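Below, chains carry the letters A, B, ... as their sequence lines are ordered, and counting in each starts from 1. These figures come from a predicted structure and were not determined experimentally.
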2 protein chains.
Amino acid sequence: MKLGEFIASHGTPLTTQAGDHLFHQGDHDQSLYVVHEGLLKAYYLSPEGKEHIKSFILPGDSIGSLMASYAGKACTFSLVCLKPCRMTVVKFSDLYEASKSDTEISSAVVDFLLGFGMKKENREYELLCLSAEERYKRMLETAPAILDLVTQNEIARYLGVTPVGLSRIKKRVTG
Amino acid sequence: MKLGEFIASHGTPLTTQAGDHLFHQGDHDQSLYVVHEGLLKAYYLSPEGKEHIKSFILPGDSIGSLMASYAGKACTFSLVCLKPCRMTVVKFSDLYEASKSDTEISSAVVDFLLGFGMKKENREYELLCLSAEERYKRMLETAPAILDLVTQNEIARYLGVTPVGLSRIKKRVTG
DNA sequence: CATGTCTTTTAACCTGGGTTAATTACGCGC
DNA sequence: GCGCGTAATTAACCCAGGTTAAAAGACATG
């Protein structure tokens, strides 16, 4: 069975409003969210209340908490809609079980996970090797679309700087 | 077929000396290295010659360049042995193809990739949300073993600070 | 168009970590 | 034990980005 069919038949549709949370840090949400339309952000909240943005999720992307879904632990981050969204929710365990017997599904899951791994490695590279200014310039080149979708405030917290810091960087870069 | 059997039958053994490189940044190495014994480091070298350590690889771990193996691009990092190593080398494409038809293999690959994903997410969290000092303290708690295996110089470059910086942090933390 | 709310910019000051270089430990071979 | 190379510490200075607070835009609503 194709992965798309599996999701269509075993998933349930979900539409949300901007501001709706799908789960909070600490929850045990074991769903995979396949996004068809809208915009979400995944973020960490530190004990001191500082927000760090893990990623923005666009149509075509999928997201869920690996920690909760696979390791049975609490979600390490929160997931909130920045715009009204339309998606399909799949139980991680359903997909995981299906991948054990259906080679077509497991192939698609392997491809998904390999793509996921490359994204994470790329993010790791940026955070480990680049300065905030370099990360901003890189974002201008590789993902300019997102800049128009979210506030500068959120771009900053995604890049690992404060909004004040990003304002300074912008001024420096733009000249 | 079990993954272990596949690796044993389709892989080739390899032993190396400390200092040997398995591949360099820019190469197109499409191998997966399954480490039985020894110690390796994966690192990025910036155009200005600065080294950033992506990870240390211990017995039981596996490593390879996703970018080269799966995306067909150049390796984004280099891989070098810090101690003599004993490992098995598997062609990524062999394993990838096998996972398309053998459910036992694909299950193991899915599990491997899920574990890999969790590691990468954890590293992303540390680099995005924690200060260098917090990352050092966390390492003291969660991976004290590595501290004895490599130089402080390398710990620093793994944590994303300079050796001088780490020396200061140590002094601050240890009191 | 006045008002409140949110985002962005600017300014002043502070700090963690970078940089360079000198100094001190720690092996290790002879 | 002595010399030599590598690793770690220390010191002095610098700077990117954090912090706090105030000011300036930007919009929406009444």
Looking at A/R172, I'd like to know whether one of its side-chain N or O atoms comes within less than 4.0 Å of OP1 or OP2 on D/dG17.
yes
Take the protein atom CD1 of A/I169 and the nucleotide atom P of D/dG17, then report the distance between them rounded to whole Å.
5 Å
I'd like to know if the side chain of B/S106 pairs up with that of A/S106 as donor and acceptor (distance under 3.5 Å, no hydrogens or angles considered).
yes
Write down the distance between CG (A/L147) and P (C/dT8), rounded to a whole number of angstrom.
11 Å
Whether A/Y70 and A/Y96 hold their rings parallel, tilted or perpendicular, with breakpoints at 30° and 60°
perpendicular
In whole angstroms, the gap separating P of D/dA7 from CG of B/D148 amounts to 17 Å
Distance in angstrom units between B/E134 CD and D/dG18 C1', rounded
14 Å
Looking at B/T142 and B/R138, would you say the former's side chain and the latter's main chain have a donor-acceptor pair under 3.5 Å?
yes
Could you encode protein contacts along nucleotides 19-27 of chain C as a string, one character per nucleotide from 5' to 3', using B for base contact, S for sugar-phosphate-only contact and - for no contact, with a heavy-atom cut-off of under 4.0 Å?
BB-------
In whole Å, what is the span from the CD atom of A/E48 to the P atom of D/dG18?
15 Å
Taking OP1 and OP2 of C/dT8, is either one under 4.0 Å from a side-chain nitrogen or oxygen of A/K170?
no
Using atom CG of A/N153 as one end and atom P of D/dT19 as the other, report the distance to the nearest whole Å.
13 Å
Is the distance between the ring centroids of B/F77 and A/Y125 less than 6.0 Å?
no
is_close_aromatic(B/Y43, B/Y158), centroid dist under 6.0 Å
no
Between P of C/dG16 and CD of B/E133, the distance in whole Å:
8 Å
Would you check if there is a donor-acceptor pair between the side chains of A/S78 and A/H21 at a distance under 3.5 Å?
no
Determine whether a donor-acceptor pair (N or O, by modelled atom type, separation under 3.5 Å) exists between the side chain of A/S46 and the backbone of A/K50.
yes
Is B/K171 close enough to D/dT9 that one of its side-chain N or O atoms is under 4.0 Å from OP1 or OP2 there?
no
Touch check for B/S167, heavy atoms < 4.0 angstrom, all strands: base, sugar-phosphate only, or nothing?
base
Integer-rounded Å distance: C/dC6 P and A/R157 CZ
14 Å
